[in-house]
Number of protein chains: 2
Amino acid sequence: MTKSMQTTEDSIKVFKALADPIRLEIIRYLAQLDHAVSCGEISRVMQISKTSGSYHFKILQEAGLIIVHKVAREKYVTLDRSTFDRYLTHFWQNL
Amino acid sequence: MTKSMQTTEDSIKVFKALADPIRLEIIRYLAQLDHAVSCGEISRVMQISKTSGSYHFKILQEAGLIIVHKVAREKYVTLDRSTFDRYLTHFWQNL
DNA sequence: GATATAGTTCAAATAATTTTGAACCATTTA
DNA sequence: TAAATGGTTCAAAATTATTTGAACTATATC
């Protein structure tokens, strides 16, 4: 499992994903719970429509900020902390 | 000099400011040089119009990512690393 | 004073992001 | 099988972000 080089586009995706109040709230919620949560539960807590939820989860996933695994009908989501570490915590190292 | 609490809006401003290829390039340029540079020089290096430069510097400044000081006719710019530290390096602590 | 340089501001044009609702697919439960 | 639940997809509408050029302010130089 070698980590491939990050491009500027990857960074942009990550920062764009973080640059939205709903997605930041989702991240806070997941960070505090620290276990997989279904998309439906999160949408209910955030009080957003499922369509909007679906959109935001896609953005977060494509940025690599969340890991998604499907269990039957529903999708469960957790933070991928390695991505946060790479782009945020170790910002200067990877710039 | 007490650091005041950061709001969600502050975070959004920072991440939005980082979520653009030109601004990310400006940040890389400043990080590598590590001394104050004029807006004009940066605009020339980035090959953007001065209007566009002015716009991007405003975004970066309002996010607190750069410190600007005017010397006569021109404006010099440096990175404000404390902001990067607060929002990126120490992301989890301040979430 | 005239001209050049550094940068800002404004409004219009363009481009990108986000929200919305309806229709849809897959899985579960009655 | 029918109905409910969890989620996606699509296109239209609404909102935001970015670029552009012209006009402008302020300082420097001839």
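Order of the sequence lines fixes the chain letters, A, B, ..., with proteins taken first and strands second; residue numbering starts at 1 for each chain.
Evaluation of atom-type donor-acceptor distances gives a pair under 3.5 Å for the side chain of B:K50 against the base of C:dG7.
Distance, A:R44 CZ to D:dG7 P: 8 Å, rounded to whole Å. Note: CD1 (A:I42) to C1' (D:dT8) measures 16 Å, nearest angstrom. To the nearest angstrom, C1' of C:dA15 lies 13 Å from CG of B:D20. Residue A:Q47 contributes atom CD, which lies 18 Å from atom C1' of C:dT18 at whole-angstrom precision. When rounded to the nearest whole Å, the span between OH of A:Y76 and P of C:dT27 equals 15 Å. Going from atom CG of A:L18 over to atom C1' of C:dT17 covers 16 Å, rounded to whole Å. Protein atom NZ of A:K58 is 12 Å distant from nucleotide atom C1' of C:dT17, rounded to whole Å. Rounded to a whole Å, the CD atom of A:E74 is 10 Å from the C1' atom of D:dG7.
Within 4.0 Å of B:K16, counting heavy atoms only, lie sugar-phosphate atoms of the nucleic acid but no base atom. Residue contacts shown for B:I48 are absent, as no nucleic acid heavy atom lies under 4.0 Å away.
Side chain of B:T51, nearest nucleotide from C:dG7, D:dG21, D:dA28: D:dG21. Checked against C:dA26, C:dA6, C:dG21, the side chain of A:R73 finds its nearest nucleotide in C:dA26. Here the nucleotide nearest the side chain of B:R23, chosen from C:dT9, D:dT18, D:dT19, is D:dT18. Considering only side-chain atoms of A:I22, the nucleotide from C:dT19, D:dG6, D:dT19 that sits closest is C:dT19. For A:Y55, the side-chain atoms get nearest to C:dT18 when compared with the rest of C:dT9, C:dT18, D:dT18.
The nearest heavy atom of DNA chain D to A:K75 and to B:H56 marks one nucleotide each, and the one closer to the 5' end goes with A:K75. Nearest-nucleotide positions on DNA chain C place B:S54 closer to the 5' end than the other of B:S54 and A:I59.
With A:S38 contributing its side chain and A:E74 its backbone, the two residues share no donor-acceptor pair below 3.5 Å. Remark: the backbone N or O of A:G53 is not paired with any side-chain donor or acceptor of A:S43 at under 3.5 angstrom.
A continuous path of ILVMFWY side-chain contacts below 4.5 Å connects B:L95 to A:I66, so both sit in one hydrophobic cluster.
Using bins of under 30°, 30° to 60° and over 60° for the plane-to-plane angle, the ring pair B:F84/A:W92 lands in the tilted bin.
In this structure, a donor-acceptor pair under 3.5 Å is present between the side chains of A:D10 and A:T7.
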